[in-house]
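Contents: one structure, followed by commentary.
Chain letters run A, B, ... following the sequence lines, proteins first and then strands; every chain starts at 1.
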Amino acid sequence: MAVPAPVTAGAPDAASEAVVDVRDVHYSIGGREIFAGLSLQARRGRITAVMGPSGTGKTTLLRLITAQIRPERGTVRVFGEDLAALNSRAIYQLRQRMGMLFQNGALLTDLSVFENVAFPVREHTDLTEGLIRKLVLVKLQAVGLRGAAALLPAELSGGMARRVALARAIVMDPELLIYDEPFVGLDPISLGFILRLIKQMNAALGITSIVVSHDVQELATIADDSYLLSEGHIAASGTPAQLRDSGAPAVRQFMTGSAEGPVGFHYPAPDYLSQLLKEDDA
Amino acid sequence: MPSSASAGPLLEGVRRVGSVSLFFVRLLLQCVPALARPRLLIAQIYNTGSRSLIIIMLSGLFVGMVLGLQGYDLLQRFGSEDFLGSAAGVGLLTELGPVITALLFAGRAGTALTSEIGLMRATDQLTAMEMMAVDPLRYVAAPRFLGGIIAMPLLSAIFCLIGLYGAQLIGVQLMRIDPGVFWSQMQGSVTHRNVTESVVKSLVFGSACSLIAVHEGYHAEPTAAGVGLATTRTVVASSVLILLLDYVLTAAFL
Amino acid sequence: MRPNRTLEIGTGLFVLLGFAALLFLTTQLPASGMKFGGGSKGGYAVSAEFDNVGDLKVGSPVSMSGVRVGEVTGIAYNSKDYKAEVQLRIANQYRQIPDDSYASIQTQGLLGGKYIGISPGGSDTYLKPGSVIEQTQSAIVLESLINKFFANYASGKSGSGGEAGAGGAAAPAPAGKDTQPKVESRK
């Protein structure tokens, strides 16, 4: 089922092949429309950034891509497979080719750092204890936490937990790596570490990466392609530089972090004055 | 997870029964592969069983002693205090043992299971497992469910035994009933059917309690308040279900 | 996973304890199981044959003058002379029981369990290990009810000087006296 394609890490001419292909997706939660005709592609060997204000469904997008939820309309293809056509066994097989980094790490609290990283290996392979040990130590070394192998997740700082989670996400050598808000709540040093790691993973291992975040400045330094999500569809796409130079007011408002612009301060509400008067009547 | 707030309480009740039943079937399917991981199972037997041991033993002792005191007081009015052994034996074995053990189990182990799994849900650990292509039903839910089923009959047996000791303590040591009479009366009235009833009841209660605890945790709202609410629901639902099932099983065994 | 000694010891302890309790409940409690605490206490064995043991059970006490001297260790049916053969164990300090003593099955209280009462005889030789108590009286079903009936009958008739009543009351009277102090001594 795998599409045999030579991994050309980061090369721009590999652009033709989309590892993740989302087309015209509609999705709503509790009557509220999250996506209305969303389309985007993540191409092999590149870092694709998905940006957007809070509440625009960035996490929902990731759940669609990882087949945790299904779109109401439209198709999601990952590694060329239409997710809607797969049963749960096939989805599990597909997920073995992906890694995902959760916002808070999502480490298993009752296992040590070492066991957390070893967890997918133990579950999916019959490697000997010695091989598992070597493999896990190599991955921990890659994120700089080989010394923390014996610690429990509760003993780690937020940045460290995220790096351990990254080691766990790459331990099965995935082809696609998904980052959910990897920069939130990190101190500048940890943030620097994570940025460097995302770039390294992409360059050294040729992993296709999707980074979902609202941290524009950080994303701009690493992303090859970026999408700006707004009101259920893609407001703008291109390289980070192209987005920044965009003339569209909504895009500029987000990229520059301005309070003034098309995205209003107020949540949609009935007319202010009439509501106040109505309260009076009652 | 999707709790339709607009639906009436009756419909919500029906939905929950359906949700638990479907979950039960999915869980059963994962129990066989879960047995292939004895280490996980052992850890859960430790969590639900060994850690409930002290509370079960203490409660058993006092329930037995109360039974001894009350039974003696009642029976000696008819000059039949020798029947204390029978009363304690049958009462503990068929009713008090399984029921009180199950209620304590729901409060001690059930709530722990619910909040643990609920927190795993709230901190994305269950989703992370799904993303690592590991079914959390198999890795998290099934071992806890099985652990509860295995632990409950053992806890109940320990409870009964300690309870009998407590009743004996009052009846024989304090009230001076002849020990031979006490034990022979007990042996005379307890049948193998009683023992079977006791084990069957605790197995059923164990399954019900563990199922509810795991289900509530698994479907808890991923917030602090949601986990708290789920824990409360575990205790309430388990307790009611235990007493209901107890009636059904008692009627079936009569 | 990490091998965890505490966890394994704790689990092992719990499981062993649980199965031991289950084993005890299944084998020791029902009557068909083994006898509780048997064999450990000292004493000597004698036997007695009864026409009917009623609901006498293994473990039921054996007493003399209301004092417990031993217990029933076995009840079996003897198909040779169609009687119930009861094994008794008498504690070692009660060695001097005349061998022509009389064993009867009696009831404690109104609804209480059965026990064996031994009334001493007049012989100079005593029961030895393995002896058989020859004179026995079986358990009487509705014994107390009959006692009561005759007692009432006797007291009702005594005023009018009836002879039949006096003769009838004479027999159960000793048994009644026998039973009363025993129940009293337990309280």
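- Of the inter-residue distances, the one linking Leu62(A) atom CG with Thr127(B) atom OG1 reads 12.0 Å to the nearest 0.5 angstrom.
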Practice prompt. Kindly determine whether Asp124(B) and Gln103(A) satisfy side-chain contact (heavy atoms from CB on, under 4.5 Å), including the steps that lead there.
Written response: CA-CA 9 Å; Asp124(B) 282 337; Gln103(A) 211 175 109; 5.5 Å; no
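- Looking only at side-chain heavy atoms (C-beta outward), Glu123(A) and Met129(B) stay at 4.5 Å or farther from each other.
- Two residues are said to be in side-chain contact when any heavy atoms from C-beta on lie closer than 4.5 Å; Arg95(A) and Met132(B) fail this criterion.
- For Asn87(A), the CG atom sits in a packed shell: over 12 heavy atoms of surrounding residues, nucleotides or ligands are nearer than 6.0 Å.
- Atom CD of Glu130(B) and atom CE of Met100(A) lie 11.0 Å apart (nearest 0.5 Å).
- Between Thr109(A) and Gln125(B), the side chains place a donor N or O and an acceptor N or O closer than 3.5 Å (distance only, hydrogens not considered).
- In this structure, the portion of Gln68(A) lying under 4.5 Å from any heavy atom of chain B is its side chain and not its backbone.
- The environment of Tyr92(A) atom OH is dense: over 12 non-hydrogen atoms of other residues, nucleotides or ligands sit within 6.0 angstrom.
- Neither the backbone nor the side chain of Ile178(A) comes within contact range of chain B; no heavy atom of the residue lies under 4.5 Å from a heavy atom of that chain.
- Interface remark: Arg168(A) contributes side-chain atoms only to the contact with chain B (heavy atom separation under 4.5 Å).
- Taking CE of Met120(B) as the reference point, atom CG of Asp110(A) lies at 5.5 Å (rounded to 0.5 Å).
- Between His124(A) and Val134(B), the closest side-chain pair of non-hydrogen atoms falls below 4.5 Å.
- The 12-atom threshold is exceeded at CZ of Arg37(B), counting heavy atoms of other residues, nucleotides or ligands nearer than 6.0 Å.
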